[in-house]
Each structure stands twice: as structure tokens, then as C-alpha cells.
> 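The structure is given below, and queries will be raised subsequently.
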Amino acid sequence: MDNDVCHEPQFRTVIEPFRIHSVEPLRMTTAAQRRTKAAEAHYNLFQLHAEDVLIDLLTDSGTGAMSRDQWAAIQHGDESYAGSPSYYLFRDAVRHLFPYEHVIPTHQGRAAEKIFFGVLGGPGKVVPSNTHFDTTRANIEFTGAEAVDLVIPEGHDPSLVHPFKGNLDVDRLEALLTERGDDVPVVMLTVTNNSGGGQPVSLDNIRAVCEIAHRHGKPLFLDACRFAENAWFIKEREPGQADRDVVSIIQDMAACADGMTMSAKKDPMGNIGGWLALQDDELAAACRNLLILTEGFPTYGGLAGRDLEALAQGLKETVSHDYLRYRIRSTAYLADALEHAGIPCIKPAGGHAVYIDAKAMLPHIDPLHFPGQALSVALYETGGVRACEIGSVMFARQPDGSEKPAAMELVRLAIPRRTYTQSHIDYVIEVCEQVKARAGDLRGYRIVEEPPALRHFTARFAPMT
Ligand SMILES: *Cc1c(COP(=O)(O)O)cnc(C)c1O
């Protein structure tokens with residue numbers, strides 16, 4: 001046996017563990033055409049037609065490629081209104097990893113959040129997490145409750161290397177529960193920590209958070225969108241975990257929590273979907289009552305039977321070691337190449353995305369002239385690559401209408417699952433290098449028109465002269 005291991009040849013290249021079965025054409029455009037399209041979109045990349053984008057790294061949400069077996073599962077979908085066999089298949093696939101009593105499908109993650117916090121939220125309540133994702137925060141705040149982020153201090157430093165930058169600061173959680181315990185209906189933990197750069201949470205930290213929450217009589221819920229990527233990081237980085245199967249690591253993560261909210265557009269490999277799963281009967285009954293108002297009957301929850309089948313199959317595929325090794329390595333490949341080219345990124349690379357530090361790359365652009373926006377537009381005009389600004393466009397506007405620069409000016413390159421090949425990514429790297437070579441010439445932007453909230457989706461920009 002040992003001999004076999006010795007003779008197993010090792011290769012530098014981690015290849016895509018799939019070959020292509022059905023192709024989708026990309027539309028080539030010229031730089032002149034892209035400059036026109038960018039101007040027509042008022043320099044807001046959300047306003048582009050996706051056809052005019054060559055490599056779309058706007059998000060990894062719902063943009064992944066389904067497998068042959070998922071498309072086959074779609075054909076197997078049963079569209080019965082109540083009690084569809086597709087639901088039971090889906091429920092059992094969820095329970096294999098997250099053995100909670102109640103599994104409630106929803107059309108997206110935010111629908112699960114809306115229902116969950118509709119039951120548990122309300123004025124005066126406070127909900128801690130490592131970092132709440134924007135929709136989670138918005139759904140908590142919509143009920144009048146407060147959303148508090150308690151990520152460890154290392155999680156705020158882009159250039160600091162730490163294996164689990166998504167960990168929750170247990171001392172601050174303990175203090176919050178001691179001071180305001182009566183106001184806390186639930187403790188949340190986002191795995192991986194999306195808004196904190198796709199950084200993982202260690203099993204040790206999940207266990208510690210669980211112990212504190214339970215000692216104070218509070219349930220722990222996972223916002224588990226990238227549970228498989230998180231488990232792979234645990235396997236690679238946490239002492240004593242290297243030889244384990246990711247399924248058993250995921251089951252350990254699940255055992256610490258009392259339930260989960262979920263977007264199936266992330267690790268479950270779906271183009272649409274989500275769910276809420278939990279142990280408590282009474283809470284589940286209250287959630288189902290709200291579900292029926294907004295999503296549908298509890299065995300389909302806003303999804304078609306065929307969607308549930310595709311997700312059940314996706315859940316099997318996402319825990320494959322070959323897939324996860326490739327997934328995490330291919331994201332790091334992009335980050336390593338950018339770093340090598342002198343383009344500063346959040347370190348270490350996240351699971352689903354690489355975040356360029358636009359403030360460090362474009363120090364001559366004032367944060368309130370949006371260096372992240374300038375970089376994103378330049379990446380599009382130069383090479384047709386669409387990225388997402390996560391900086392002052394998204395966060396600077398204050399409730400009183402004033403502007404306060406965001407903590408970081410980031411540009412996120414999110415990697416859709418199983419969609420682009422290494423040569424696509426090599427092209428993205430070259431585009432970034434060309435933009436960097438003329439970084440000093442890039443100008444900032446000003447906003448000429450904006451809505452009262454969530455302005456990044458629809459604001460109109462003009463280049464600074
Ligand atoms: C995407 C996401 C959500 C929301 O899910 P949707 O399916 O987009 O509604 C919630 N939390 C995290 C961490 C996410 O990444």
C-alpha cells in the first residue's frame with residue numbers, strides 16, 4: 001500500500017475534473033465596442049447586456065454549469081403540487097449532510113432568511129454573526145432588529161495571512177450574550193464568510209461558537225451557502241483534519257448547529273433555489289406558515305420538482321474531493337498569478353472569489369471617486385471581463401445622505417463553478433496585467449444619478465475629467 005503511494009506520480013497542474021459536453025458560445029467584442037457599451041451603461045456594469053461580456057466574474061451565484069447528471073435529473077422531476085417524490089429525494093440529499101428534522105425549500109437563500117427572521121426578528125432583537133451577508137443583514141434590519149458582525153480582527157486586514165479569517169470572535173460573542181442575552185434570538189455563522197472575502201471558519205471555531213451559544217440557551221444557525229468549500233479548507237488547513245472525508249467534516253459542522261439558511265445557487269450547483277432546515281418543531285411550524293404565504297406549499301417552496309432533483313444531484317457532486325481540490329486550487333491560481341504580477345489581493349485567496357485591493361492598486365484615485373469602479377470599468381473596456389466593485393460605491397452613502405469612504409476598496413472576481421477553463425483564467429490574468437501597466441492613467445468616477453438605496457445596481461456614473 002505504502003509502495004503504491006510512493007509510486008503515484010505527482011503533477012503540478014490541477015486539471016478541471018470534467019470534460020465539456022455541451023458548449024455555450026462567447027461573443028467576442030472589440031475594445032472600441034466595449035467602450036461604447038460601457039458609456040451606454042453609464043459606466044455601471046450591472047447595466048450591461050450579458051451578451052456584451054466576454055468573461056463574466058460578476059458573481060458565482062447561480063452562474064455555474066450543471067452536470068450531465070443534473071440535466072438528466074431535471075427530466076426526472078415530478079411536478080406534483082404536494083408530496084412530490086422529487087421533494088423527498090431533495091430532502092434526503094440535504095439530510096445526508098445536514099441531518100435536521102425539517103427541510104423547507106425556498107426559491108433562494110434570501111427567501112429562507114425573510115421567513116426565518118420574520119419569525120425570530122423584530123425591534124429590540126440583535127443577531128450576531130461572523131459577518132452577515134448583505135441580504136441577511138437587510139432581512140434582519142427589515143424586521144427592526146440589529147445585525148452585528150463579530151469576525152476576528154484578522155478578518156479586517158486584507159494583506160494578513162491567517163488560515164481561518166472567517167472565524168467569529170468568541171470573546172465578543174460571550175460579551176454580547178452576557179450583556180444582551182435576552183435580546184438575542186439566534187447566533188448565526190456564515191460559512192465561508194462571503195462578505196469577509198470568502199474566508200473559511202475552522203471546525204474548532206464552529207465548536208466554540210456552538211458551546212457558547214448553547215450555554216446561553218441560544219440556537220446556532222449556519223448561513224451555509226459555501227459549506228463544501230469551507231469543509232475543504234478545514235481538511236487542508238486545520239490540524240488533524242487532513243485525512244478525513246469532507247462529508248464527515250460537513251456532518252461535524254452540521255452537528256454543531258440547530259439549523260441552517262441556504263442559497264442553493266452556490267455550493268449545491270443550482271441555477272436557482274434555497275432552503276431553510278432546522279431541528280425545532282415549533283419554529284419549523286411557524287416558518288412553514290409564512291412559507292405558504294410567500295413561497296408555496298412546503299414540499300416545493302417556490303421551486304419546480306425538476307429544480308429539487310437538480311439540487312439533490314448537485315449536493316452529491318459538490319462534496320467530491322476531485323471537484324473541491326480543483327475548485328479551491330483554481331481560485332488560488334488566479335490569486336497567485338495576480339500577486340506575481342504585483343496586483344495586490346486579499347490574502348489568502350477565498351474559496352469562490354479573488355478580491356483585488358483597488359485602493360492599493362490605484363492610490364491616486366480618491367476613495368470617493370471610486371477606485372474600485374475605475375478598475376472594474378477598465379477591466380471590462382480592456383478585455384470584456386466583468387467584475388464587481390465592493391467598496392465606496394456599495395457602502396459609502398450614509399443614511400443622512402453624506403458620503404464616508406468604505407473600509408476597503410475591493411474589486412471581486414467571483415468564479416462561477418465549472419464554467420471557465422484555465423485558459424479563460426489565463427486571459428483574465430493578462431487583462432489585469434494590461435490594466436495594471438496603465439494604472440496611473442485611470443481616472444475616477446462621480447455619480448450623476450442614484451436611487452435612495454442599493455445604488456450599486458442602478459447608479460449612473462461619469463468619468464472625472
Ligand atoms: C448568496 C448568499 C445569500 C443569499 O442567497 P440568494 O440565493 O442570493 O438569495 C445569503 N448568504 C450568503 C453568504 C450568500 O452568499
Side-chain angles (χ1 to χ4, degrees), residues 46 57-64 90 94 98 104-118 120-121 127-142 147 149-151 155 165-168 186-201 206 220-231 233 253 257 259-277 290-291 294-295 301-303 307-308 310-311 314-315 318 327 331 350-355 388 390 394 410 412-417 454 456-457:
F46 282 99
L57 306 183
L58 189 67
T59 174
D60 67 320
S61 179
T63 52
F90 161 78
V94 172
F98 298 93
I104 303 172
T106 59
H107 82 277
Q108 279 195 220
R110 68 196 68 186
E113 293 165 352
K114 166 92 172 121
I115 289 167
F116 186 59
F117 294 111
L120 286 186
V127 180
S129 185
N130 41 358
T131 310
H132 289 284
F133 183 64
D134 357 354
T135 61
T136 323
R137 169 174 288 276
N139 274 301
I140 291 169
E141 290 175 349
F142 185 75
D149 295 335
L150 301 178
V151 75
K165 272 174 125 170
N167 281 356
L168 187 146
V186 60
V187 175
M188 301 288 298
L189 201 52
T190 314
V191 297
T192 56
N193 195 25
N194 186 357
S195 304
Q199 301 291 320
V201 181
I206 299 175
L220 170 64
F221 270 62
L222 300 176
D223 176 345
C225 298
R226 296 179 184 80
F227 66 86
E229 292 173 3
N230 199 91
F233 280 121
M253 289 160 56
M260 67 197 298
T261 57
M262 187 69 193
S263 169
K265 302 172 73 171
K266 320 291 169 57
D267 275 356
M269 308 275 195
N271 298 128
I272 195 72
W275 70 83
L276 174 64
L290 283 184
L291 181 89
T294 55
E295 295 286 291
L303 294 172
D307 300 325
L308 295 168
L311 295 178
L315 283 173
T318 197
R327 170 75 176 156
T331 305
H352 69 291
V354 173
Y355 297 70
C388 184
I390 301 190
M394 225 179 238
L410 302 177
R412 183 184 72 182
L413 305 169
I415 319 292
R417 290 168 183 76
L454 295 173
H456 51 287
F457 292 125

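These figures come from a predicted structure and were not determined experimentally. For ligands, and for the atoms within them, numbers begin at 1 and follow the listed sequence.
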> Of all the non-hydrogen atoms in the protein, which one sits nearest to atom 6 (P) of ligand 1, and at what distance?
Gln108 NE2, 3.3 Å
> Do Thr135 and ligand 1 have an N or O pair less than 3.5 Å apart?
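It does not: no N or O of Thr135 is found under 3.5 Å from an N or O of ligand 1.
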> Less than 3.5 Å between some nitrogen or oxygen of Asn194 and one of ligand 1, yes or no?
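Looking only at distances, the answer is yes, because the N/O contact criterion of under 3.5 Å is met.
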> Name the option, out of His352, Met262, Lys266, that contains the heavy atom nearest to atom 14 (C) of ligand 1.
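Answer by nearest heavy atom: Lys266.
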> Quick one: is the NZ or CZ of Lys165 closer than 6.0 Å to the six-membered ring centre of Tyr355, and within 45° of its axis?
no
> Scan Leu150, Leu168, Leu189, Asp149 and name whichever one has a side-chain contact (heavy atoms from CB on, under 4.5 Å) with Pro128.
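The residue from Leu150, Leu168, Leu189, Asp149 that satisfies side-chain contact (heavy atoms from CB on, under 4.5 Å) with Pro128 turns out to be Leu150.
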> Quick one: does ligand 1 sit under 4.0 Å from the side chain of Lys265, the backbone, both or neither, non-hydrogen atoms only?
side chain
> Gly274: heavy atom below 4.0 Å from ligand 1, yes or no?
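It does not, in that no heavy atom of Gly274 comes within the 4.0 Å cut-off of ligand 1.
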> Among all residues two or more places apart in sequence or in another chain, which pass the ring pair (Phe, Tyr, Trp, His ring centres under 6.0 Å) test with Phe457?
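Phe457 satisfies ring pair (Phe, Tyr, Trp, His ring centres under 6.0 Å) with Phe46 only.
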> Taking only residues two or more places apart in sequence or in another chain, which ones pass side-chain contact (heavy atoms from CB on, under 4.5 Å) with Asn271?
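In terms of side-chain contact (heavy atoms from CB on, under 4.5 Å), with neighbours along the sequence ignored, Asn271 is linked to Met66.
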> Evaluate Gly109 for polar contact with ligand 1, using N/O atom pairs at a separation under 3.5 Å.
yes
> Which residue holds the protein heavy atom closest to atom 5 (O) of ligand 1, what is that atom called, and what is the gap in Å?
Ser263 CB, 3.2 Å
